[in-house]
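Everything numeric here is computed off the predicted structure, so don't read it as measured data.
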Amino acid sequence: QVQLVESGGGLVQIGGSLKLACTMSGGPFSDASMAWFRQAPGQKREFGAAISFLPDVTYYANSVKGRFTITRDNAKNTVYLQMTNLKFEDTAVYYCAAKVSTGDLTDGERYHFWGQGIQVTVSS
């Protein structure tokens with residue numbers, strides 16, 4: 001059974017940095033495309049960043065481009081999201097997702113497996 005476990009969330013000041021990690025167990029991590037989505041209170045879930053199982057293929061939402069970096073370590077079955085220059089509007093529950101099919105990496109409906117989510121709060 002595939003499990004995704006997020007870590008690294010918490011409280012950070014505006015302009016600060018935070019690094020999330022998501023570790024997969026029970027699944028073919030090296031064959032999976034991975035993504036981070038987020039959901040703010042009262043808002044719909046939105047795409048943040050994705051990384052393909054193919055080398056050097058990444059996608060970012062415009063809202064995080066240039067500030068967030070998604071990477072993966074296949075030896076550790078882990079995907080990371082380095083977040084810098086954090087803003088109030090980055091406050092959300094962040095979800096790690098995985099899929100082993102092809103297609104749009106930005107579409108949450110195409111992801112088969114999800115983590116439980118981790119809170120990121122940006123404050124002054």
Side-chain angles (χ1 to χ4, degrees):
Q1 182 179 355
V2 175
Q3 286 192 318
L4 301 175
V5 179
E6 299 104 336
S7 61
L11 180 66
V12 62
Q13 290 188 323
I14 291 175
S17 299
L18 208 58
K19 188 173 185 177
L20 305 182
C22 170
T23 300
M24 177 190 281
S25 61
F29 183 81
S30 60
D31 295 328
S33 294
M34 305 295 296
W36 290 94
F37 290 79
R38 65 185 186 182
Q39 187 168 20
Q43 302 295 317
K44 292 174 60 176
R45 182 183 66 198
E46 66 175 10
F47 168 75
I51 185 166
S52 172
F53 63 92
L54 298 171
D56 303 320
V57 177
T58 57
Y59 299 89
Y60 294 95
N62 287 336
S63 58
V64 307
K65 196 173 296 183
R67 299 187 299 120
F68 290 11
T69 303
I70 187 169
T71 58
R72 65 190 295 157
D73 185 338
N74 287 346
K76 296 183 178 180
N77 288 357
T78 300
V79 61
Y80 302 96
L81 186 68
Q82 177 68 57
M83 305 184 291
T84 63
N85 191 21
L86 284 160
K87 307 176 181 181
F88 277 133
E89 50 264 42
D90 294 318
T91 294
V93 176
Y94 283 70
Y95 295 91
C96 173
K99 72 185 191 82
V100 291
S101 60
T102 58
D104 186 359
L105 295 187
T106 69
D107 183 357
E109 298 300 319
R110 295 180 178 270
Y111 283 83
H112 311 112
F113 308 107
W114 292 83
Q116 291 192 322
I118 192 163
Q119 179 70 44
V120 171
T121 303
V122 183
S123 73
S124 57

Might you point out which heavy atoms bring [X] and [Y] nearest each other, and give the distance in Å?
X     : Y      : value
Ala92 : Ala40  : CB-N, 3.8 Å
Leu4  : Phe113 : CD1-O, 3.5 Å
Gln13 : Ser124 : NE2-O, 4.0 Å
Lys99 : Leu105 : CE-CD2, 3.2 Å
Leu18 : Gly8   : CG-O, 3.5 Å
Leu81 : Ala49  : CD1-CB, 4.0 Å

Donor-acceptor check, side chain of [X] to backbone of [Y], threshold 3.5 angstrom: yes or no?
X      : Y      : result
Arg72  : Phe29  : yes
Thr91  : Glu89  : no
Tyr60  : Ile70  : yes
Arg67  : Asn85  : yes
Asp90  : Lys87  : yes
Tyr111 : Thr106 : no
Glu6   : Cys96  : yes

Note, Val100 side chain near Pro28 side chain (heavy atom, < 4.5 Å) |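 Counting from C-beta outward, Val100 and Pro28 do come under 4.5 Å.
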Does the side chain of Leu11 come within less than 4.5 Å of Ser123's, by heavy atoms?
->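 The answer is yes, as the side chains (C-beta and beyond) meet within the 4.5 Å cut-off.
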Given the rule in the side chain to side chain contact (heavy atoms under 4.5 Å, CB included) test, do Phe47 and Trp36 qualify, once you have shown the distances and angles that lead to the verdict?
-> CA-CA 7 Å; Phe47 168 75; Trp36 290 94; over 6 Å; no
Hey, mind stepping through Trp114 and Phe37 against ring-ring contact (aromatic ring centres under 6.0 Å, His included) and telling me if it holds?
-> CA-CA 10 Å; Trp114 292 83; Phe37 290 79; 5.1 Å; yes
Side chain to side chain donor-acceptor pair (under 3.5 Å) between Thr23 and Thr78, intermediate numbers included = CA-CA 4 Å; Thr23 300; Thr78 300; 2.9 Å; yes
Do [X] and [Y] land in one hydrophobic cluster if side-chain heavy atoms of ILVMFWY residues count as linked below 4.5 Å?
X      : Y     : answer
Ile118 : Met34 : yes
Tyr95  : Met24 : no
Val93  : Met83 : no

Worked verdict on Leu20 versus Val120 for side chain to side chain contact (heavy atoms under 4.5 Å, CB included) = CA-CA 9 Å; Leu20 305 182; Val120 171; 4.0 Å; yes
Given Tyr94, which of Arg38, Gln119, Gln39 fulfils the side chain to side chain donor-acceptor pair (under 3.5 Å) condition?
->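 The residue from Arg38, Gln119, Gln39 that satisfies side chain to side chain donor-acceptor pair (under 3.5 Å) with Tyr94 turns out to be Arg38.
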Side chain to side chain contact (heavy atoms under 4.5 Å, CB included) assessment of Ile51 paired with Ser33 = CA-CA 6 Å; Ile51 185 166; Ser33 294; over 6 Å; no
So Ser101 and His112, side chain to side chain contact (heavy atoms under 4.5 Å, CB included) or not? Walk me through it.
-> CA-CA 9 Å; Ser101 60; His112 311 112; 3.5 Å; yes
Report the residues that fulfil salt bridge (Lys or Arg N to Asp or Glu O under 4.0 Å) with Glu109, sequence neighbours left out, ordered by chain and then residue number.
-> Arg45
